[in-house]
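Everything numeric here is computed off the predicted structure, so don't read it as measured data. Atoms within a ligand are numbered from 1 in the order they appear, just like the ligands themselves.
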Amino acid sequence: MTAFENPALAAFAAQLGAELVFAQVLIRRDGTSFALRHIEDAGALAESLRTIAIEELRALTQTTEAGAFRPLKSAPNLRRGWFARATNITELGTALDRLYPGALADWFAARAAQPPVTSYREFTARQTGMYRITTFPDDPRAAQITRACCDARFCLKRRLWTVPSLPTDTAADKSLIPCLEPCALLLEFARKVVRWEQEGELPSTVSPEEARQLREKLNQTGSSVRAADFESPENPRRLALLQQLATRD
Ligand code: SF4
């Protein structure tokens with residue numbers, strides 16, 4: 001099969017132009033090849049960056065700069081300081097799949113007249129076992145969970161699946177990579193929130209002073225807490241959820 005028999009890759013190549021930003025990756029067309037680097041290294045000299053092979057890109061995405069595991073490859077904490085060259089469009093497809101697994105296929109699917117998106121309700125209704133309780137949150141709570149979990153500070157995929165009263169994301173809010181259905185992290189977060197509610201661990205409101213402290217913590221916590229460690233009081237998504245419970249002065 002040639003590259004252009006892959007319709008997603010063909011459509012992507014047609015849209016690429018001289019350069020394109022795909023989440024945190026800058027792709028520059030260079031003759032028939034493509035140069036890739038972190039967007040924050042856009043102005044760096046190629047010689048100052050570590051050249052890595054396409055095959056090494058998957059390993060690059062596994063951990064943050066601080067060495068923490070990245071459960072969500074669309075988190076805005078892709079390592080910097082590297083440079084990779086794809087010698088043709090097929091290699092570019094491979095590179096992007098290593099950096100953002102499945103993203104190109106989802107990008108293509110989202111361009112369809114009727115994109116295959118779901119909703120919080122449809123998705124959680126299909127869950128079994130311990131995830132069945134993710135149907136419990138009412139619409140306002142489901143919106144809070146989603147806002148906290150999918151915030152651009154934590155994930156660059158633009159959410160196209162729906163939750164009542166919450167607009168979907170735009171590419172400008174996040175990136176070109178669509179999110180067509182809730183991910184495992186969101187599902188686990190929703191389950192935890194239900195558990196906290198059941199166990200009386202989720203306050204109904206937080207005071208303005210507590211909200212200020214939460215904001216400070218959220219600014220400080222950085223990458224020190226694992227994304228999926230929702231038991232940690234410092235977990236950024238947990239803090240972002242609590243922030244939404246703030247009362248007004
Ligand atoms: S569900 Fe939310 S956090 Fe998960 S990949 Fe989609 S946008 Fe990101």
At a non-hydrogen distance cut-off of under 4.0 Å, which region of W161 contacts ligand 1 (side chain, backbone, both, or neither)?
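The answer is the side chain.
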Side-chain (Y120) to main-chain (T135) donor-acceptor, under 3.5 angstrom
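Here the side-chain-to-backbone pair does not exist.
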Hey, does the side chain of N235 reach the backbone of V225 with a donor-acceptor pair shorter than 3.5 angstrom?
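The answer is no, because no donor-acceptor pair under 3.5 Å joins these two groups.
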Which residues share a side-chain contact (heavy atoms from CB on, under 4.5 Å) with P116, sequence neighbours left out
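P116 satisfies side-chain contact (heavy atoms from CB on, under 4.5 Å) with A109, L180 only.
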Is a side-chain donor-acceptor pair under 3.5 Å present for Q127 with T124?
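Note: T124 and Q127 side chains miss the donor-acceptor criterion.
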Side-chain donor-acceptor contact under 3.5 Å, Q244 with R141
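On atom types as modelled, these side chains do not qualify, holding no pair under 3.5 Å.
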Polar protein atoms near atom 2 (Fe) of ligand 1 [N, O or S; cut-off under 2.8 Å]:
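Short answer, with waters excluded from the count: C150 SG.
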What's the verdict on ring-ring contact (aromatic ring centres under 6.0 Å, His included) for F12 and F108, showing C-alpha distance, side-chain angles and the deciding distance?
CA-CA 8 Å; F12 191 74; F108 187 61; over 10 Å; no
